[in-house]
Amino acid sequence: MNGVAAAERTEAERAARLREYGVLEAAAPIAALEELVRRAQDVARFPVAWISFIDGACERLHCARGIDAGEATGAESLALAAGDLREPLFVVY
């Protein structure tokens with residue numbers, strides 16, 4: 001299997017795990033994630049904070065505070081613009 005095919009398989013497996021956990025299409029905010037966002041925002045005094053998950057070419061924002069958005073496309077997403085992320089992405093300005 002070449003590198004591109006392996007990366008595509010890994011991406012599909014990751015997305016499948018997120019669906020199994022119920023975070024990609026969650027009908028309601030997940031309390032534990034909301035608490036993490038609230039604590040991060042309080043401690044760091046960020047005006048905006050959120051947790052998001054990548055689903056193909058879309059970044060799905062969960063538990064957002066200080067911003068009213070549900071998802072971002074490739075042109076709008078910092079995470080998608082960053083490329084192949086293996087670690088959490090923190091953006092501070």
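What's counted below: heavy atoms across the whole structure, side chains too, no hydrogens, waters or symmetry copies. Everything quoted here is computed from the prediction, not taken from an experiment.
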**Report entry** Pair R17 + E20, salt bridge at N-O below 4.0 Å
**Finding:** no

Report summary line: When every non-hydrogen atom of Q41 is compared with those of P47, the smallest separation belongs to NE2-O, 3.1 Å

Query raised in the report: What do the steps show when you test E34 against R38 for salt bridge (Lys or Arg N to Asp or Glu O under 4.0 Å), and what is the final call?
Result: CA-CA 6 Å; E34 283 187 320; R38 185 193 63 75; over 6 Å; no

**Report entry** Value rounded to 0.5 Å, distance of CD1 in I51 from CG in L36
**Finding:** 5.0 Å

Report task. Could you tell me whether R39 atom CZ has more than 12 heavy atoms of other residues or ligands within 6.0 Å of it? Result -> no

Requested in this report: To the nearest 0.5 angstrom, please state how far the CD1 atom of I30 sits from the SG atom of C63.
Outcome: 6.0 Å

Query raised in the report: Atom CZ of R65 and atom CG of D42: how far apart are they, to the nearest 0.5 Å?
Result: 5.5 Å

Query raised in the report: How close do S52 and E59 get, heavy atom to heavy atom, and via which atoms?
Result: OG-OE2, 2.5 Å

Query raised in the report: Side chains of F53 and H62: closer than 4.5 Å at any heavy-atom pair?
Result: yes

Query raised in the report: Are the side chains of V48 and F46 in touch, meaning some heavy atoms are under 4.5 Å apart?
Result: no

